[in-house]
Amino acid sequence: MGPETDQERDDRSVCPGRLPEGPADALRATAEEVAQLLRRAPDTGAAVPGLVWTVGELAAHLAQANELMADVAAGRPRRHGDGTPEGIAAANEQALDAFAERRAAPLAAMIVTRTEAYREAVASHPAEETLLTPMGPMNRVVLGSYLLTHMLGHGFDLARALKRPYMVDRARARLTLPFLLEAMPRVTDAAATAGLDARYAVRLWGGGRFGVMFTDGTATVGHAFPDRPDCTISIEPVTFLLMALGRCSPAGATARGRVLAWGRRPWLGPRFPEYFTAP
């Protein structure tokens, strides 16, 4: 792997007991923007495109997830599924069945206050302490990236359902990298990667990079590039996030010039998203 990146230096400089300023601000801003979308919702019974949930069910899920992550950050372990995308989805449905609130205003308030509870939990605990989360062990900084990723993904769903602008920008999309890199080996599709040997270098426009090495189908992910990558991918950050969350078609992104691939085996580029199940 190559030399230490700016991101790795940033990760090492995180002070115990607080989130880095950028992620902390992004969490607060995203929660407020999701809440604003909800407050403008004319009907929480409306369907959400691409999901089986209504607007109210999606908002309830966000409120529940934010509470769960705040509890985990405060050192109160919470079980939620078995760590697989399928297990977490089943746990989500069980949790929704046990939670009746579907009104916009109360759910908007919960999303904001529970995000603040997460921030307060991090402020009073060591940021680098390893916690057990629904997606496996991670520290509070990576958990904050998980929380941001989750709100941005469902914020996209909510904006699409309400025909409102989406709140994500490139800066916030790059802040999801700590979680997405942590999650990628756990959501690798074993059938799609069976026997695969390949080395990827992925660059996000404007900053952010990582490498992925597949050895007999097993993925290893890190901030540095592998030596002699087979395929280099250059991708616009918001497109990367939406593609990682299954909200964007790789073919459509390529057609719009949002993702480029080259190298010794450039044909591996379009296949890359197929190797993972969206978390």
Check whether any side-chain N or O of [X] sits under 3.5 Å from a backbone N or O of [Y] as a donor-acceptor pair, and report yes or no.
{"X": "R258", "Y": "E236", "value": "no"}
{"X": "T193", "Y": "G217", "value": "yes"}
{"X": "T188", "Y": "M184", "value": "yes"}
{"X": "R247", "Y": "L245", "value": "yes"}
{"X": "Y200", "Y": "L268", "value": "yes"}

Is there side-chain contact between L181 and F210, with at least one heavy-atom pair below 4.5 Å? yes

Going by heavy atoms in the side chains, are M110 and E101 under 4.5 Å from each other? yes

Carboxylate-amine/guanidinium contact [X] [Y], below 4.0 Å:
{"X": "D25", "Y": "R28", "value": "no"}
{"X": "E128", "Y": "R140", "value": "no"}
{"X": "E120", "Y": "R114", "value": "no"}
{"X": "R119", "Y": "E116", "value": "yes"}

Could you tell me how the ring of F179 sits relative to the ring of Y146: parallel (under 30°), tilted (30 to 60°) or perpendicular (over 60°)? parallel

Hey, what's the ring geometry for F156 with Y166, parallel, tilted or perpendicular (30° and 60° as the breaks)? perpendicular

Give me the atom names and distance for the closest heavy-atom approach of W205 to S234. NE1-OG, 2.9 Å

Considering non-hydrogen atoms only, spot the tightest contact between P137 and T130 and give its length. CB-CG2, 3.8 Å

Within 45° cone and under 6.0 Å: R199 NZ/CZ vs F214 ring: no

